[in-house]
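In what follows, a single structure is set out as structure tokens and then discussed.
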Amino acid sequence: MPPQDSPPPTAPSPDEDTQQTAAACTLRALAAVRPQEAAEQEAERDRPRVSVEPVHALIVVGVLVIALATSLTLLIQQSMSLAHEQSGTPAASAATGAPAAQAPQSAPAASEPARASPDAPAESTVAESTTTAPTFTPVDLNTASQAQLESVKGIGPVTAANIIAYRASAGRFTSVDELLNVQGIGAKTLEKIRPYVGVR
């Protein structure tokens with residue numbers, strides 16, 4: 001038995017349409033809503049409450065990126081100053097980039113003539129001061145400031161900053177060979193600066 005087709009929907013007759021319109025008008029009259037107010041309320045309801053243009057979204061993203069960059073910069077500066085406090089170097093000079101006072105390269109006792117005792121001859125003090133030459137002290141990787149590291153031949157400002165950043169993140173150097181882990185220092189550079197740096 002073939003399936004029966006359902007009859008097509010019939011359009012509402014003009015009488016039904018008139019009755020629906022009359023019912024809607026009656027409801028509006030009972031609710032004390034004017035047709036103009038109803039149209040305004042429907043338009044108000046359909047309008048979005050917050051309209052965001054692409055330009056506004058870009059501005060918000062830009063502000064958030066600037067805030068993130070600022071907070072990361074402050075965090076890095078704080079961690080570097082904390083690392084300098086723990087290692088004993090002045091944090092203010094390292095944070096501002098101003099060169100700190102360099103440690104003397106030789107012991108002060110070696111550069112000054114030794115005082116002679118009253119019963120020792122004067123020639124022995126002169127002989128002691130001439131035979132004792134000032135000795136070179138390598139720059140300590142664990143306590144050196146930016147300026148002290150830059151004073152080493154073969155270390156520029158960027159490499160010195162990388163050494164300090166590595167020291168702040170990884171902790172104290174245990175050997176000079178650990179400089180190979182610092183960005184910008186290879187085997188050739190390490191051999192070039194090895195005589196001038198040390199770890200204490």
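The first residue in the sequence is number 1, and the count goes up from there. Just so you know, these numbers use all the heavy atoms, side chains as well, and skip hydrogens, waters and symmetry mates.
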Donor-acceptor contact present, side-chain Gln148 to main-chain Ser145, <3.5 Å
yes
State, with a plain yes or no, whether a side-chain heavy atom of Val139 is found less than 4.5 Å away from one of Ile155.
no
Enter the distance from Asn142:CG to Arg167:CZ here, rounded to the nearest 0.5 Å.
7.0 Å
Nearest 0.5 angstrom please: Glu53 CD to Ile59 CD1, how far?
10.5 Å
Taking Leu180 as the starting point, is it possible to reach Val158 by hopping between hydrophobic residues whose side chains are less than 4.5 Å apart?
no
Going by heavy atoms in the side chains, are Ser71 and Leu68 under 4.5 Å from each other?
yes
What heavy-atom pair brings Gly198 and Pro138 nearest, and what distance separates the two atoms?
N-CB, 3.9 Å
Check residues 186-194 and write down every donor-acceptor pair under 3.5 Å in which the side-chain atom is one partner and the other belongs to a residue at least two apart or another chain.
unit_1: Glu191; atom_1: OE2; unit_2: Arg194; atom_2: NH2; d: 3.2
unit_1: Arg194; atom_1: NH1; unit_2: Asp177; atom_2: OD1; d: 3.1
unit_1: Arg194; atom_1: NH2; unit_2: Asp177; atom_2: OD1; d: 2.6

Rounded at 0.5 Å granularity, tell me how far CG in Leu149 sits from CD1 in Ile164.
5.5 Å
dist His84:NE2 -> Gln146:CD (nearest 0.5 Å) comes out at 8.5 Å
Would you say the side-chain atoms of Asp140 pair up with the backbone N or O of Arg200, donor to acceptor, closer than 3.5 Å?
yes
Over all heavy atoms of both residues, which pair between Phe173 and Val199 is shortest? Give the atoms and the distance, please.
O-CG1, 3.2 Å
Which heavy atom of Ser79 sits nearest to which heavy atom of Ile76, and what is that distance?
OG-O, 2.8 Å
Interatomic distance, CG@Asn181 vs CG@Asn162, rounded to 0.5 Å, equals 12.5 Å
